[in-house]
Protein chains: 2
Amino acid sequence: MKIVTIIGSHNVPLGQLRNTKQRKVILEELAKLESHPTASELYEIVRKRLPRISLGTVYRNLEILSQFRKINTLHPAGFEKRFDGRTDLHYHVRCVRCGRLDDVPLEPFDTIDEAARNVTGYEILSHSIEFVGVCARCRSHKEKEP
Amino acid sequence: MKIVTIIGSHNVPLGQLRNTKQRKVILEELAKLESHPTASELYEIVRKRLPRISLGTVYRNLEILSQFRKINTLHPAGFEKRFDGRTDLHYHVRCVRCGRLDDVPLEPFDTIDEAARNVTGYEILSHSIEFVGVCARCRSHKEKEP
DNA sequence: ATAACTGCAAACGTTTTGCCAGCAT
DNA sequence: ATGCTGGCAAAACGTTTGCAGTTAT
């Protein structure tokens, strides 16, 4: 008997995605928007077309669509806040396998704030960069994952 | 009569910060750590020195210390996930006043992943950048804030 | 036929809050 | 004396999950 580790959320199907009305409307409405809505904002919008849809369905579909790269999830899934004794500007890298978070010892890119100011109309105060990747430890354990 | 808008969390004092044992220990332990603990991880650590401290106190102090720039909060306070119909790499800017989130129409900095790889030992897959600043609308309303 | 999917409601884990006593200034 | 702060417990919040019935393929 072989034990298989299922990667990803419990609600993401192993087989074929289906094209339900709910999923279609969620995608359509999200595509229409310039903004980056939260799940419940999108729920309110979608509800105008599908009054009986549930918030759970919206969450489930956003998760699935994100896994299949149809949409993008901005503030990376369910992570707790983390705190850092350093207050100087520095960057972080997160391991997608184990969630480990490390500092990245690079000098801050101090020119990019000005670039952002020029194209956004914002007064830019600072920025943060989070790299995502696979840490050394997880890379050496790669045989565990299919 | 003048209406004053209180900025920031309900638990952040308007007056002078005090130097309590709990606050000191939280700061000390956080400073010792190379890692970026969550509130409850830090709670467990601090509890070894102050067994009667509560998790609420840890949260309150982290919030206050963060406001006063004594520490840094990594995954910026309580924001919900946001979803984006675009799946290509692009950056975002958040207004610290109103929470508004916009796209930043800059070309992706494709060289920085390699720089990060060189200094971290991670296999770097991607990165995200979030600028923080004040949006045009909020800048024109600045008279409302002290 | 079958596996994906939905709505609903309950459960979950994290964070915030109200209360009141206690302590730093 | 003032008002910031702590502990505690309850509430709030965003998100996930179990269930039982439904739907797309």
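Everything numeric here is computed off the predicted structure, so don't read it as measured data. Residue numbers start from 1 in every chain, and the chains themselves are labelled A, B, ... in the order their sequence lines are given, proteins ahead of strands.
A salt bridge links B:E130 and B:R94; the closest N-O separation between the charged side-chain nitrogens and carboxylate oxygens is under 4.0 Å.
Residue B:Y59 has no polar side-chain atom (N or O) positioned under 4.0 Å from OP1 or OP2 of C:dT16. For the OP1/OP2 pair of C:dC5 and a distance below 4.0 Å, the side-chain nitrogens and oxygens of A:T57 include no atom meeting the criterion. Look at A:N19 and you won't find any side-chain N or O under 4.0 angstrom from OP1 or OP2 of C:dC5. At the phosphate of D:dT5, OP1 or OP2 sits under 4.0 Å from a side-chain N or O atom of B:R23.
Contact between B:D113 and B:L125 at its shortest, heavy atoms only, is OD2-O, 4.2 Å. Of all non-hydrogen atoms in B:I45 and B:L33, the two that sit nearest each other are CD1-CD1, 3.8 Å.
By the side-chain contact (heavy atoms from CB on, under 4.5 Å) test, A:L55 is found to be paired with A:S40, A:Y43, A:Y59, residues two or more places apart in sequence or in another chain being considered.
The side chain of A:R18 approaches C:dC5 more closely than any other nucleotide in the set D:dT2, C:dT15, C:dC5. Distance from the side chain of A:R60 is smallest for D:dC19 among the nucleotides D:dG7, D:dC19, C:dC5.
Below 30°, between 30° and 60°, or above 60°: for B:H127 and B:Y91 the angle between ring planes is between 30° and 60°, a tilted geometry.
Counting only residues at least two apart or in different chains, salt bridge (Lys or Arg N to Asp or Glu O under 4.0 Å) contacts with residues 42-53 of chain B comprise B:E28-B:R49, B:E29-B:R49, B:E44-B:R47.
Between its two ends, the helix from C:dA1-D:dT25 to C:dT25-D:dA1 turns its axis by 40°, counting five pairs per end and rounding to 10 degrees.
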